Amino acid sequence: MASLSLKLTSYNELMFDVIAVETLPDYILLLTFENNEQKCFDMKSYLNGTAFQPLKNPSFFKQARVDYGTVVWSDEIDIAPETLYHLSF
């Protein structure tokens with residue numbers, strides 16, 4: 001049986017690594033966390049930020065992958081796993 005290592009953010013909230021990501025229409029990420037919980041994260045409100053503007057290109061957005069416990073695109077764009085966990089639905 002795999003064990004989970006509990007991690008706390010600086011706000012003493014539980015944080016789980018992302019272990020799988022799937023892109024859905026309308027800039028939604030379907031995330032699976034290490035506790036096997038699945039949640040959706042809406043990226044639309046982030047797309048106007050300078051760092052995330054390349055994700056407006058749907059083909060680039062679809063290149064989302066998991067690396068080091070979070071979602072990344074290329075070597076320059078990522079989003080914190082605690083943000084993904086706590087702000088997803």
Side-chain angles (χ1 to χ4, degrees):
M1 173 188 277
S3 64
L4 295 177
S5 58
L6 295 179
K7 294 169 261 185
L8 297 176
T9 68
S10 59
Y11 302 105
N12 290 326
E13 298 174 327
L14 282 176
M15 181 183 87
F16 297 102
D17 284 345
V18 177
I19 60 169
V21 62
E22 181 182 338
T23 59
L24 302 177
D26 208 23
Y27 299 100
I28 303 291
L29 298 173
L30 175 59
L31 305 165
T32 304
F33 292 91
E34 66 182 314
N35 63 351
N36 290 317
E37 188 174 358
Q38 284 196 317
K39 294 178 146 193
C40 290
F41 186 82
D42 188 344
M43 285 292 299
K44 285 187 297 297
S45 65
Y46 291 81
L47 298 179
N48 290 324
T50 304
F52 295 107
Q53 285 197 357
L55 301 179
K56 288 181 178 180
N57 177 335
S59 64
F60 187 68
F61 181 78
K62 290 178 183 177
Q63 294 177 27
R65 61 185 170 82
V66 175
D67 199 8
Y68 297 103
T70 195
V71 177
V72 300
W73 295 265
S74 72
D75 292 332
E76 299 176 11
I77 302 173
D78 62 40
I79 189 161
E82 59 269 24
T83 299
L84 293 170
Y85 187 78
H86 291 292
L87 299 180
S88 58
F89 56 94

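Note that these values count all heavy atoms, side chains included, but never hydrogens, waters or copies made by symmetry. Please read all numbers here as calculations on a predicted model, not as lab measurements.
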| query | When rounded to the nearest 0.5 angstrom, what is the spacing between SG in C40 and CG in L31? | reply | 7.5 Å
| remark: So CE of M43 and CG of L87: to nearest 0.5 Å the spacing works out to 11.5 Å
| field | Common cluster, Y46/L29, ILVMFWY with side-chain heavy-atom separation under 4.5 Å | value | yes
| said: Quick check: do V18 and F41 have side-chain heavy atoms less than 4.5 Å from each other? | reply: no
| field | CZ-CD distance between F60 and Q53, expressed to the nearest 0.5 angstrom | value | 12.5 Å
Please tabulate, one pair per line, all N/O donor-acceptor pairs under 3.5 Å involving side-chain atoms of residues 71-79, not counting sequence neighbours.
| unit_1 | atom_1 | unit_2 | atom_2 | d |
| --- | --- | --- | --- | --- |
| W73 | NE1 | F61 | O | 2.8 |
| S74 | OG | E76 | N | 3.3 |

| remark: A51 meets the side chain to side chain contact (heavy atoms under 4.5 Å, CB included) criterion, sequence neighbours left out, with none
| task | May I ask whether V21 and L84 are part of the same hydrophobic cluster, defined by side-chain heavy atoms of I, L, V, M, F, W, Y residues being less than 4.5 angstrom apart, directly or through others? | result | yes
| field | Straight-line distance of E82 CD to T70 OG1, nearest 0.5 Å | value | 8.0 Å
| message | Between Y27 and F52, is the ring centroid distance below 6.0 Å? | response | no
| query | Can you pull the salt bridge (Lys or Arg N to Asp or Glu O under 4.0 Å) pairs that have at least one residue in residues 19-32, sequence neighbours excluded? | reply | D26-K44
| said: Using 0.5 Å steps for rounding, measure from the CG atom of N57 to the NZ atom of K62. | reply: 10.0 Å
| More than 12 heavy atoms from other groups under 6.0 Å of OH on Y68 | no
| message | Whether the side chain of E34 engages the backbone of D17 through a donor-acceptor N/O pair (distance < 3.5 Å, no angle test) should be reported. | response | yes
| request: Answer whether the closest heavy-atom distance between the side chains of Y85 and K39 falls below 4.5 Å. | output: yes
| Inter-residue atom distance F16.CZ - H86.NE2, 0.5 Å rounding | 8.5 Å
